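Reviewing the structure listed below.
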Amino acid sequence: MATTQIGAQMFTLREYCKTPSDIAKTCKKLSELGFGAIQASAGGFGKIDAKELKKILDDTGLVCAATHRGLDEMREGNAIVDWHKTVGCELTAVGGFHGKTRAEWQQFVADYSAVGPTLAQQGLRVGYHNHSHELAQIDYDPKQMDPKNVPLQLLLDELDDSIWFEIDTYWIAHGGADPAAWIRKCKGRIPAVHVKDITIMPDREHKMCEVGVGNLNWPAIVDACKDAGVQWYLIERDNGDLDPFESLKISLDNLHAMGIQ
């Protein structure tokens, strides 16, 4: 049983995880920094056998809290289930879907809802990770704007109940919404969140930054996470100014200061 709720999203360290040897070195460094868990995303990891990854995790005292995988891979069923069981991970999620019309989003709902229950019965829970485009109006009409007429609300309302949500605090704010509010909306269906902060530059461009140093309301976010039943706080920084290991450590320390262990 993990003694931590905080993990490092390995996409942050994608340049250091291209080979199994790289992954082993990176996991060792994360352990030394004080991490107890990782999220192994396809985009942040080179190819590695499940047994080899499990040995690396055991050797470094880490666990795999969750992964990101594609819908096509989920449709294959047995292989993805076996990989996750070997690693000891029960959560995976798609990294997003880029529909432009209601019909496209409805088709995604149908496709994903067909996959979710089947994998859940085999012990692998599948989820959805958001960016900011899921907060854009569906079939945009300036005369009929409605804050509920966004893909993320459609997904929450219509995806099969077995499918969970991995709310990303930065991308919710980037889309002009309140991360704490969306976390509460997903209560009971949000075992993991992506935590990252947002700041604004003098040229008015948004920028990712470390947890607790930007403009997000972290007391409200943490309270919402606790109320919603969040188990894992997964730190991610897609890009930024600091060395990624230094960035993760700052976020880790700040989460600890907020009472998250």
Side-chain angles (χ1 to χ4, degrees), residues 1-69 83-93 95 129 166 168-170 191-199 207-214 216 218 221-222 225 230-261:
M1 185 70 179
T3 58
T4 181
Q5 287 187 278
I6 304 173
Q9 218 298 22
M10 299 298 267
F11 185 73
T12 309
L13 301 166
R14 56 197 178 276
E15 297 303 318
Y16 301 88
C17 293
K18 294 183 177 180
T19 68
S21 176
D22 291 339
I23 293 169
K25 292 175 184 176
T26 297
C27 285
K28 182 175 184 295
K29 189 165 184 177
L30 285 173
S31 181
E32 291 169 349
L33 289 174
F35 280 91
I38 65 166
Q39 181 174 27
S41 296
F45 247 40
K47 290 185 178 180
I48 186 168
D49 180 77
K51 291 181 180 179
E52 185 171 8
L53 178 58
K54 183 65 166 67
K55 184 178 187 307
I56 290 171
L57 296 175
D58 289 345
D59 289 347
T60 54
L62 300 173
V63 297
C64 184
T67 69
H68 275 183
R69 295 296 181 89
W83 191 95
H84 282 78
K85 284 184 176 179
T86 299
V87 171
C89 178
E90 298 178 352
L91 298 172
T92 190
H129 168 271
E166 186 175 47
D168 185 301
T169 58
Y170 170 90
V193 296
H194 270 190
V195 287
K196 64 184 84 163
D197 215 329
I198 186 170
T199 189
K207 195 161 197 171
M208 293 180 185
C209 58
E210 292 63 46
V211 172
V213 305
L216 293 186
W218 286 100
I221 290 171
V222 170
C225 286
V230 169
Q231 302 163 25
W232 292 105
Y233 298 75
L234 303 173
I235 302 169
E236 182 180 42
R237 196 212 64 190
D238 306 32
N239 51 67
D241 294 325
L242 300 180
D243 170 85
F245 288 102
E246 181 183 4
S247 173
L248 287 170
K249 177 61 172 171
I250 291 171
S251 292
L252 176 66
D253 289 346
N254 288 344
L255 283 174
H256 283 162
M258 296 173 197
I260 306 300
Q261 300 302 315

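Everything numeric in this text was worked out from a predicted model, so none of it was measured. FYI, the numbering just counts along the sequence from 1.
Contact detail for Leu234 and Ala192: the closest heavy-atom pair is CD1-CB, 4.0 Å. Residue Cys89 comes nearest to Ala66 through the heavy atom pair SG-CA, 3.5 Å, listed as atom of the first residue, atom of the second, then distance. A pairwise comparison of heavy atoms in Asp197 and Gly214 identifies OD2-N, 2.9 Å as the closest pair. Between Leu57 and Cys27, the shortest heavy-atom contact is CD2-SG, 4.4 Å. Taking all atoms of both residues into account, the shortest heavy-atom contact from Met258 to Gly212 is CE-CA, 4.0 Å. Contact detail for Tyr170 and Met208: the closest heavy-atom pair is CE1-CG, 3.5 Å.
The ring-ring contact (aromatic ring centres under 6.0 Å, His included) analysis of residues 17-40, with sequence neighbours excluded, yields no pairs.
No option in His68, His194, Glu236 other than Glu236 meets the side chain to side chain contact (heavy atoms under 4.5 Å, CB included) test with Phe11.
Taking CG of Leu242 as the reference point, atom CG of Leu248 lies at 10.5 Å (rounded to 0.5 Å). In this structure, CD1 on Ile56 lies 11.5 Å from SG on Cys64, to the nearest 0.5 angstrom.
Using a 4.5 Å heavy-atom threshold, the side chains of Gln9 and Gln39 count as touching.
Using modelled atom types, one side-chain atom of Thr4 and one backbone atom of Gln261 make a donor-acceptor pair closer than 3.5 Å.
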